[in-house]
Asker: 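Have a look at the structure that comes next, please.
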Amino acid sequence: TIIGIAGPLTAIALVWSGLTLFRFVVERWDRRLITRRFRNYVDPRLVDYVLEHPDQAQLDGKEAELTVVFTDLAGFTTLTEKLRRQTVGIVNEYLELMVPIISSHNGYVNKFLGDGIMFFYGAPQGNPFHARDAVMSALKMQQAMPQFNRHLAGRDLPPINMRVGISTGPMVVGDAGSLQRSDYTVLGDAVNLGARLESANKETGTWILINDRAAMMVADRFLLRPVGRLQVVGKSQGVMTFEPISTVDDATDEQKRLAEMCNDMVNAYIRGQFSECIERAGELDKAFGPSKLTALYVRISREFLDNPPDADFVGQIVLEEK
C-alpha cells in the first residue's frame, strides 16, 4: 500500500511554524503592554535596566555614594483649600512639568509624596556626576516655576513655590520590602538629611539647600552661597549647607556679591564673632533687602551676646522643626 506522507508532513510543518510565529508575536505584544503599563508606575530607567540585565531582576541592596533630592511645594495647603477635588489635576500638571526635567538630567524618580517628589542620581546606572546633575535639575525646576505660576494665575489661583533639599553621601540602594511587595529605593542617614534640608528651607528663607559633600562635588560648576552649619532634627552635629544660585558661567556680578557677603556673615558667626555677624547681616539687608536668613543670624547672635555659648561652640544653628 502506497501512502502519500508529503502532504500531512507539510501541513504539520506549516501549522507548527504558524503557531510558533503567532506565539512569538503575542508574547512580544504582551511584553510591550506590560512594559508600557509598568513604566506608568516605575521610572523607565529601572525598567530599561532590568530589561538589559534580566539576571538582576531582584536588585539586592548595595552601598554607594549617591545624591538624593526631596522637593515640596510651599503654599500648596492654601491652594488645596481652594481647589478641593481639583487638587489632583493641578498636582498632575505640576508633575508633568517637573518629571521630564528630572529625567533629562539622569535622575531616577523614586516616589511621589503628595505634592512632593523624591528622586536620586547615580543608580541604577552608575553616574560619576550625580551631584552635578542633581543641582542642575533643581535649578531648572526652579526656573520652570514661574511658568507654572502663570498657569495658576490664569485660573485665578495663588502662586506656589518649591523647596528643595539635596544630600550627597553613602547610601544603601536596592530593593526594600517584602517578597510580596518591594520598592527600589535608597536608605541611610544621607537620605534622611536630604528630607531634613528640604524642610530647613522654611527656617533659612532659602529655596534650595545642599550639604557640604554635594557642595564639594559641584563647586567648580555652580555659584554657591553658604547658608550655615545647620543641626537638623535627629542629628547631633551640624552640617555645613549651601544654596546654589546659578551656574558659574551664568552668574552675575550681583549674585557673586551676594555669595561673598553671605560668606562673610556666616564665617563671622562660626568664629563666634557675633557683633561682626550682626554688622554683616545689616550690610546684606542694605544691599539686597531684609531676608529671613539675615534675621535668623541677627536673632541668634543677639542671644549669644547676652548668653555666650559654651567653649565647644562650632557655629551650628540648631533647628527644632522637621
Side-chain angles (χ1 to χ4, degrees), residues 74 131 135 138-139 142 161-168 193 196-233 235-321:
V135 173
L139 288 174
Q142 291 288 12
N161 294 296
M162 180 177 63
R163 295 185 297 263
V164 184
I166 301 176
S167 174
T168 298
L193 176 60
R196 296 290 185 263
L197 291 181
E198 177 276 310
S199 181
N201 283 288
K202 292 182 286 186
E203 299 292 324
T204 59
T206 52
W207 296 115
I208 305 175
L209 280 178
I210 69 175
N211 69 335
D212 48 0
R213 178 55 182 163
M216 185 184 304
M217 297 182 70
V218 306
D220 61 330
R221 292 296 187 97
F222 299 95
L223 176 65
L224 308 174
R225 70 159 175 163
V227 173
R229 186 169 290 155
L230 304 181
Q231 182 180 331
V232 298
V233 176
K235 294 287 186 179
S236 58
Q237 296 180 344
V239 177
M240 192 62 195
T241 60
F242 301 80
E243 181 180 32
I245 299 176
S246 72
T247 61
V248 171
D249 295 336
D250 295 333
T252 64
D253 291 339
E254 185 179 30
Q255 289 173 328
K256 294 176 182 178
R257 185 183 175 209
L258 171 65
E260 184 178 352
M261 294 181 72
C262 283
N263 186 64
D264 293 339
M265 177 185 69
V266 172
N267 283 338
Y269 177 81
I270 291 176
R271 293 192 302 264
Q273 298 172 344
F274 303 117
S275 295
E276 182 181 347
C277 178
I278 294 172
E279 182 180 348
R280 299 302 183 188
E283 293 172 355
L284 260 171
D285 286 346
K286 184 177 179 180
F288 297 96
S291 69
K292 202 168 185 178
L293 183 63
T294 55
L296 175 65
Y297 273 98
V298 168
R299 177 178 61 82
I300 299 177
S301 294
R302 285 175 177 168
E303 291 175 357
F304 281 137
L305 285 174
D306 294 334
N307 300 286
D310 298 332
D312 59 352
F313 176 78
V314 292
Q316 71 272 17
I317 296 176
V318 180
L319 303 181
E320 298 179 353
E321 293 185 10

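All residue numbers in this chain count up from 1 along the given sequence.
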Asker: Could I get the full list of ring-ring contact (aromatic ring centres under 6.0 Å, His included) partners for F313, not counting sequence neighbours?
Answerer: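 Partners of F313 by the ring-ring contact (aromatic ring centres under 6.0 Å, His included) criterion, ordered by chain and then number, come out as Y269, F274, F304.
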
Asker: Please give me the minimum heavy-atom distance between L139 and I245, naming the atom from each residue.
Answerer: CD2-O, 4.0 Å

Asker: Do side-chain atoms of R229 reach the backbone of V314 as a donor and acceptor pair under 3.5 angstrom?
Answerer: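 Yes, R229 side chain to V314 backbone: donor-acceptor pair under 3.5 Å.
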
Asker: Are the side chain of R163 and the backbone N or O of S199 linked by a donor-acceptor pair below 3.5 Å?
Answerer: no

Asker: Taking side-chain contact (heavy atoms from CB on, under 4.5 Å) as the test, write out the residues that go with D250, two or more places apart.
Answerer: T247

Asker: Only counting residues at least two apart or in another chain, list the ones meeting side-chain contact (heavy atoms from CB on, under 4.5 Å) with E303.
Answerer: R299

Asker: Is there side-chain contact between L193 and V232, with heavy atoms separated by less than 4.5 Å?
Answerer: yes

Asker: Kindly write out the residues that satisfy side-chain hydrogen bond (donor to acceptor under 3.5 Å, both in side chains) with S275, not counting sequence neighbours, or none if the list is empty.
Answerer: none

Asker: Test your reading of the model: is there a side-chain donor-acceptor pair from S301 to the backbone of Y297, 3.5 Å cut-off?
Answerer: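 Confirmed, S301 side chain pairs with Y297 backbone.
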
Asker: Return the minimal non-hydrogen interatomic distance between V266 and G228, and the atom names on each side.
Answerer: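 Shortest heavy-atom contact: CG1-CA, 4.1 Å.
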
Asker: Measure the OG1-CG distance between T241 and L224 for me, rounded to the nearest 0.5 Å.
Answerer: 11.0 Å

Asker: Sequence neighbours excluded, which residues qualify as side-chain contact (heavy atoms from CB on, under 4.5 Å) partners of A287?
Answerer: R257, M261

Asker: If a pair satisfies salt bridge (charged side-chain N to carboxylate O under 4.0 Å, His left out) and one of its residues is in residues 285-294, list it, with sequence neighbours excluded.
Answerer: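 For residues 285-294, and leaving out neighbouring residues, there are no salt bridge (charged side-chain N to carboxylate O under 4.0 Å, His left out) pairs at all.
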
Asker: Mind checking whether T168 and V218 have side chains closer than 4.5 Å, heavy atoms only?
Answerer: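 With C-beta onward as the side chain, the pair stays apart.
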
Asker: Does N161 have any side-chain hydrogen bond (donor to acceptor under 3.5 Å, both in side chains) partners at least two apart in sequence or in another chain, and if so, which?
Answerer: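 Expected list: none.
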
Asker: Which atoms form the tightest heavy-atom contact between A259 and P226, and what is the distance?
Answerer: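 Closest approach of A259 to P226: O-CD, 3.9 Å.
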
Asker: Who pairs with V318 by side-chain contact (heavy atoms from CB on, under 4.5 Å), at least two apart in sequence or on another chain?
Answerer: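 Scan of V318 (side-chain contact (heavy atoms from CB on, under 4.5 Å), adjacent residues dropped) gives Q231, Q316.
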
Asker: What distance separates N267 CG from E276 CD, expressed to the nearest 0.5 Å?
Answerer: 9.5 Å

Asker: Is there a side-chain contact between M240 and I270, using heavy atoms and a 4.5 Å cut-off?
Answerer: yes

Asker: I'd like to know if K256 and E260 make a salt bridge, using a cut-off of under 4.0 Å between side-chain N and carboxylate O.
Answerer: no

Asker: Quick one: list whatever passes ring-ring contact (aromatic ring centres under 6.0 Å, His included) with F222, sequence neighbours left out.
Answerer: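 In terms of ring-ring contact (aromatic ring centres under 6.0 Å, His included), with neighbours along the sequence ignored, F222 is linked to no residue.
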
Asker: Nearest heavy-atom pair of M265 and T294: which atoms, and what distance?
Answerer: SD-CG2, 4.0 Å

Asker: Do L284 and C262 have side chains that approach each other closer than 4.5 Å (heavy atoms only, starting at C-beta)?
Answerer: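 Yes. Closest side-chain heavy atoms under 4.5 Å.
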
Asker: Hey, could you give me each pair passing salt bridge (charged side-chain N to carboxylate O under 4.0 Å, His left out) that has a residue in residues 209-227? Not counting sequence neighbours.
Answerer: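 Listed once each, the pairs are E65-R213, R225-E243.
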
Asker: Provide the closest heavy-atom pair for A200 versus L319 in the form atom of the first, atom of the second, distance.
Answerer: CB-CD1, 3.6 Å

Asker: Report the residues that fulfil side-chain hydrogen bond (donor to acceptor under 3.5 Å, both in side chains) with T206, sequence neighbours left out, ordered by chain and then residue number.
Answerer: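 Once residues adjacent in sequence are excluded, the partners of T206 under the side-chain hydrogen bond (donor to acceptor under 3.5 Å, both in side chains) criterion are N201, T204.
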
Asker: Write down the atom of V227, the atom of L209, and the distance for their closest heavy-atom approach.
Answerer: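 Smallest interatomic distance, heavy atoms only, reads CG2-CD2, 3.7 Å.
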
